[in-house]
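Quick one: this structure, given as structure tokens, is what I'll be asking you about.
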Amino acid sequence: MTDFDDNVCPRSNLPVQVSTAQDNKRKMDEMDAASAVKMKRSIEKTSDLIILGLPWKTSEQDLKDYFVTFGEVIMVQVKRDVKTGNSKGFGFVRFTEYETQSKVISQRHMIDRRCECKLPNSEVFNKCLRSTCLFESFPLKSKFCSIPSSFIVMIGKMAPTAMVASL
DNA sequence: GTTGAGCGTT
């Protein structure tokens, strides 16, 4: 548990701890192929994304018009006051493809000069439970570390933002 | 008719 190399998440640029090649080999051996596939699926399932900091005037159509440029959109929501119909300044979006979702999370967004995309807290929580903090890696090549490729163990007190960036 | 961190009536 102590001989981990310091490393940096290529998405968030936050420091993460990555296990050594030897550790990964052992982990891989302990994990059969079926459970690996099962884990990968559970992590790559699409989920809603929360859009914070929306302009008051932004409508669902505006949201959709913006996000379809990344990929097919299943639904968009703008949360409003039930009485006045005014926007609460946040909403949700869901894509058909996980690829699209992760692309959207990984970059910054601007809708009328503001807005911010994240995984909702509920989803972060769910994914942490499902994965027990063993994440199938994002495309990680030997450029960043020397492990075989697919499994990176992130252990210990990771910042929530680092976890979001990795999911 | 205003506001500006947050976490979704169904």
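Predicted, not measured: the structure shown is a model, and the values here were computed from it. Throughout, a chain's letter reflects where its sequence line sits, starting with A, and its residues are numbered from 1.
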Residue whose nearest DNA chain B nucleotide is more 5′ - A:V82 or A:I51: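 The residue closer to the strand's 5' end, by nearest nucleotide, is A:I51.
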Let me know, please, whether A:F90 or A:S87 comes out on the 5' side of the other along DNA chain B by nearest nucleotide.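 Looking at DNA chain B, the more 5' nearest nucleotide goes with A:S87.
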A:L54 near the nucleic acid: base, sugar-phosphate alone, or nothing, with a heavy-atom cut-off under 4.0 Å?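 Base contact - A:L54 has a heavy atom under 4.0 Å of at least one base atom.
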Could you give the start and end, 5' to 3', of the contact zone on DNA chain B for chain A, using atoms under 4.0 Å from its heavy atoms?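 Contact span on the strand: B:dT3 to B:dT10.
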Validation row: A:L52, A:F90 side chains within 4.5 angstrom (heavy atoms):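 Heavy-atom side-chain distance check passes, below 4.5 Å.
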A:F92 versus A:L63: any side-chain heavy-atom pair under 4.5 Å?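 Sidechains of A:L63 and A:F92: no contact.
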A:E72: which residues meet the side-chain contact (heavy atoms from CB on, under 4.5 Å) condition with it, sequence neighbours left out?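 In terms of side-chain contact (heavy atoms from CB on, under 4.5 Å), with neighbours along the sequence ignored, A:E72 is linked to A:T96.
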Quiz question: by atom type and distance under 3.5 Å, do the side chains of A:Q101 and A:K103 form a donor-acceptor pair?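 Checked: A:Q101/A:K103 side chains show no N/O donor-acceptor pair below 3.5 Å.
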What residues form a side chain to side chain donor-acceptor pair (under 3.5 Å) with A:E60, not counting sequence neighbours?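 Once residues adjacent in sequence are excluded, A:E60 has no partner under the side chain to side chain donor-acceptor pair (under 3.5 Å) criterion.
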